[in-house]
Asks: 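Structure in structure tokens, see below.
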Amino acid sequence: MDIIKPRIMKGTRDFLPDDMRVREHVIGIIKKRFETYGFSPLATPAMEYYDILTGKYGDEGEGLIFDLAYKGGKEVALKYDLTVPMCRVIAQYQDKIVMPFKRYQIQPVWRAEKPQRGRLREFFQCDADIVGVKDTAADTEIICLITDVMGDLGFEGSVTLVNHRKLLAGVMESIGIGEDRAAAAMRVLDKLDKVGEEAVRAEFSEAGFAAGAVDKLFSLTETTGNAAKDLSRMGRELSGGGLAAEAIGDLTKIFRLLAEAGIEPSRVSFAPRLARGLAYYTGPVFETVVTTPRIGSLAGGGRYDGVIGLFTGIDVPATGMALGLERIIEVVNDRGMFADAAAAEMVLVIAFGDAEMGQAMKIAHELRRSGVNTDVYTDGGKLKKKFSYADRTGAAKVVIVAPDELSRGVVKIKDMKTGQEKEVEVSRVRDSLGRP
RNA sequence: GUGGGUAUAGCUCAGUGGUUAGAGUGUCGGGUUGUGGCCUCGAAGGCCGAGGGUUCAAGUCCCUCUACCCACCCCA
């Protein structure tokens with residue numbers, strides 16, 4: 001008989017029990033912080049109609065939509081992110097949703113990527129969004145939330161970079177780079193800190209940008225680490241530009257609120273060169289990064305005031321962010337954190353032989369009813385094997401239900417750590433192992 | 001889409017062109033028919049990624065393909 005070769009699609013993962021313990025621990029931290037910020041849970045289907053997803057992410061993003069072959073394709077696709085389906089929900093249930101609407105969502109998304117480290121075809125996003133608020137106070141709340149989650153996770157050295165779509169557009173405008181070439185220029189500029197000035201200059205000249213314009217681009221977007229100062233300087237140098245002025249006003253307010261709210265300045269930084277690829281961003285944009293390991297961004301987000309309007313005809317402002325769960329866990333593992341995110345203590349009940357199985361199950365049921373995590377070894381075989389199982393699954397205590405002891409109305413309880421055994425009356429097992 | 005690397009046991013990997021391809025780990029069993037870890041003995045488990053070529057001889061050298069990994073781009 002031919003064996004079916006066990007395998008999974010590239011870019012997807014299995015999560016074995018040890019992985020899941022860490023994962024659920026991390027999800028728990030994130031979820032708890034979302035809840036303390038007043039966000040409510042939401043979930044949407046894995047699949048969406050194709051036209052729900054298209055026309056929102058930009059060309060590059062759209063090419064990565066995971067189309068399904070259903071009815072020949074272009075009919076149904078796996079969701080690419082959590083943001084757009086949420087916008088669909090806002091439009092679809094307007095009678096049930098109270099604005100401002102704050103929801104969080106922890107679900108998988110799919111992208112037809114070529115996978116590599118930190119980049120998967122199926123991955124979990126942890127989104128938190130505020131819908132219906134135009135004021136940048138909402139964006140500030142999102143940045144505070146990211147900062148707090150990073151703090152909860154214990155990530156040293158994580159920084160959230162903040163920029164504004166309209167600021168970059170204004171900068172490009174001011175040096176005579178038209179809208180058609182602005183996106184390309186933004187992308188090249190964004191690489192400055194990664195690949196260095198020389199490489200970026202080369203790329204600009206190759207793309208036909210004048211050296212003078214590039215110089216101006218560099219000097220305009222220079223930062224000192226003091227966001228307020230940098231913003232007012234940019235404001236002076238970009239005077240007159242409507243887009244830039246609006247952006248600088250927004251960003252100035254965000255950084256003022258962050259300071260007043262008491263957010264540690266080292267955790268948030270103004271990054272006028274930050275470009276974000278998704279097309280739907282219209283205002284402030286954020287990206288959270290760590291320097292080690294090199295894993296791309298841990299979180300990303302921004303304001304997208306136009307997406308809901310695509311479903312309703314009336315623009316509804318919205319802002320939010322997505323945490324990349326797998327990348328966060330990659331950092332966690334890289335730094336050796338939460339390695340002991342172990343299971344709750346477990347008791348294993350072993351029946352010596354088939355005759356004792358019923359009694360073993362009865363004892364287990366009593367323990368379970370009193371809230372003790374209890375496993376019963378349901379297979380036959382030698383005691384050696386049963387104890388080996390207890391050892392390898394990390395059982396803290398083993399209850400041995402055997403004929404000799406049972407005839408005297410007792411069972412043995414073994415502490416797997418110390419190896420010590422004691423006899424306990426059958427009726428008192430629960431008292432002996434139960435929680436106080 | 002571009003550039004690198006890897007492919008041998010379930011897993012991690014050794015293996016100078018030359019008998020019957022190995023180790024560790026995991027699985028099963030024995031050493032102990034009432035007790036785990038440590039130790040010890042044994043067993044099962046391989047189309048050496050696929051196809052072609054060179055050679056007396058290929059896991060080993062060459063070519064093609066495929067798959068996976070890494071980097072770039074972009075993203076979480």
Side-chain angles (χ1 to χ4, degrees), chain A residues 2-3 5-12 14 16 30 57-65 80-83 105-127 146 183-184 186-188 190-191 194-195 199 203 274-279 281 285-290 294-302 320-331 348 350-353 356 377 380-406 411-421:
Chain A
D2 274 351
I3 297 285
K5 193 182 179 189
R7 59 208 168 4
I8 56 173
M9 210 179 132
K10 70 174 166 186
T12 67
D14 292 314
L16 298 185
I30 294 168
Y57 303 116
D59 290 344
E60 281 140 8
E62 194 151 321
L64 297 176
I65 291 176
Y80 175 91
D81 70 358
L82 303 178
T83 306
Q105 200 169 339
I106 300 173
Q107 287 195 275
V109 300
W110 293 267
R111 294 183 188 179
E113 297 260 18
K114 194 171 162 182
Q116 58 184 263
R117 185 183 187 189
R119 181 137 110 228
L120 297 159
R121 284 184 167 177
E122 176 183 72
F123 63 97
F124 273 66
Q125 291 194 322
C126 313
D127 273 41
I146 299 178
M186 285 180 202
R187 234 172 297 134
V188 177
D190 188 32
K191 287 196 277 187
K194 293 172 208 159
V195 300
E203 202 168 331
L274 173 70
R276 301 233 78 227
L278 294 186
Y281 291 123
V285 289
F286 345 111
E287 182 168 303
T288 304
V289 295
V290 287
R294 281 195 61 208
I295 191 111
S297 51
L298 298 183
M321 62 91 183
L323 292 161
L325 184 62
E326 283 74 14
R327 286 187 182 175
I328 285 171
I329 288 169
E330 186 84 16
V331 175
L348 176 68
I350 288 174
F352 183 79
E356 291 77 32
Y377 195 91
K382 298 188 172 188
L383 268 190
K384 179 175 178 146
K385 196 171 174 185
K386 296 169 182 173
F387 272 94
S388 174
Y389 171 83
D391 185 48
R392 296 197 53 192
T393 55
K397 301 267 173 64
V398 173
V399 178
I400 308 129
V401 186
D404 285 1
E405 290 83 358
L406 219 45
V411 293
K412 267 187 186 164
I413 296 178
K414 177 167 181 169
D415 183 309
M416 290 300 284
K417 205 159 247 164
T418 64
Q420 288 188 332
E421 294 183 353

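Here is the naming used below: chain letters follow the sequence lines, and residue numbers restart at 1 for every chain.
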Asks: Under the 5.5 Å and 30° test, is A:F123 stacked on the base of B:rA76?
Replies: yes

Asks: What contact category does A:D404 fall into here, base, sugar-phosphate, or nothing, at under 4.0 angstrom with non-hydrogen atoms?
Replies: base

Asks: When you measure from the side-chain N and O atoms of A:K10 to the phosphate of B:rC69, is any distance below 4.0 Å, counting only OP1 and OP2?
Replies: no

Asks: Can you check the A:E330 CD to B:rC69 P distance for me, whole Å?
Replies: 13 Å

Asks: Looking only at N and O atoms, is any donor in the side chain of A:R119 or the base of B:rA76 less than 3.5 Å from an acceptor on the other one?
Replies: no

Asks: Could you go step by step and tell me if A:F352 and A:E405 meet the side-chain contact (heavy atoms from CB on, under 4.5 Å) rule?
Replies: CA-CA 11 Å; A:F352 183 79; A:E405 290 83 358; over 6 Å; no

Asks: Base, backbone or nothing for each nucleotide of nucleotides 35-50 of chain B, written B, S, -, heavy atoms under 4.0 angstrom, 5' to 3'?
Replies: BBB-------------

Asks: Could you work out the separation of B:rU66 and B:rG52 based on their C1' atoms and round it to a whole Å?
Replies: 14 Å

Asks: Specify the separation, in whole Å, of atom NZ of A:K114 and atom C1' of B:rC68.
Replies: 11 Å

Asks: Base, sugar-phosphate, or nothing for A:G61, non-hydrogen atoms under 4.0 angstrom?
Replies: nothing

Asks: What distance, rounded to whole Å, do you find between the two C1' atoms, one in B:rU12 and one in B:rG4?
Replies: 23 Å

Asks: A:L298 near the nucleic acid: base, sugar-phosphate alone, or nothing, with a heavy-atom cut-off under 4.0 Å?
Replies: sugar-phosphate

Asks: Let me know the distance between CD of A:Q116 and P of B:rU2, rounded to the nearest Å.
Replies: 15 Å

Asks: Say you pick atom C1' in B:rC72 and the same atom in B:rC63; how far apart are they, in whole Å?
Replies: 28 Å

Asks: Roughly how far, to the nearest 0.5 Å, is the CG atom of A:D81 from the CG atom of A:L278?
Replies: 7.0 Å

Asks: Between A:R7 (CZ) and B:rC11 (P), how many Å, whole number?
Replies: 14 Å

Asks: B:rC61 and B:rU55: how far apart are their C1' atoms, nearest whole angstrom?
Replies: 10 Å

Asks: To the nearest Å, how far apart are A:Q105 CD and B:rA76 C1'?
Replies: 15 Å

Asks: Hey, could you give me each pair passing side chain to side chain donor-acceptor pair (under 3.5 Å) that has a residue in residues 112-126 of chain A? Not counting sequence neighbours.
Replies: A:W110-A:E122, A:E113-A:R119, A:R117-A:E330

Asks: Is there side-chain contact between A:F387 and A:M416, with heavy atoms separated by less than 4.5 Å?
Replies: yes

Asks: Rounded to the nearest angstrom, tell me the gap between atom CZ in A:F124 and atom P in B:rA76.
Replies: 17 Å

Asks: Applying a 3.5 angstrom cut-off to the pairing atoms, does RNA chain B sit in any stems of at least three consecutive Watson-Crick or G-U pairs? List them by first number.
Replies: B:1-7 with B:66-72, B:10-13 with B:22-25, B:27-31 with B:39-43, B:49-53 with B:61-65

Asks: Does A:I328 reach a base, just sugar-phosphate, or nothing at all? Heavy atoms under 4.0 Å.
Replies: nothing

Asks: Without decimals, in angstroms, what is the distance between A:L82 CG and B:rA76 C1'?
Replies: 10 Å

Asks: Does B:rA76 have OP1 or OP2 under 4.0 Å away from a side-chain N or O of A:R276?
Replies: yes

Asks: Expressed as a whole number of Å, how far does the P atom of B:rG26 sit from that of B:rC41?
Replies: 15 Å

Asks: Base, sugar-phosphate, or nothing for A:R117, non-hydrogen atoms under 4.0 angstrom?
Replies: sugar-phosphate

Asks: Whole angstrom is fine here: how far is it from CG in A:L278 over to C1' in B:rA76?
Replies: 10 Å

Asks: Could you work out the separation of B:rG24 and B:rA43 based on their P atoms and round it to a whole Å?
Replies: 13 Å

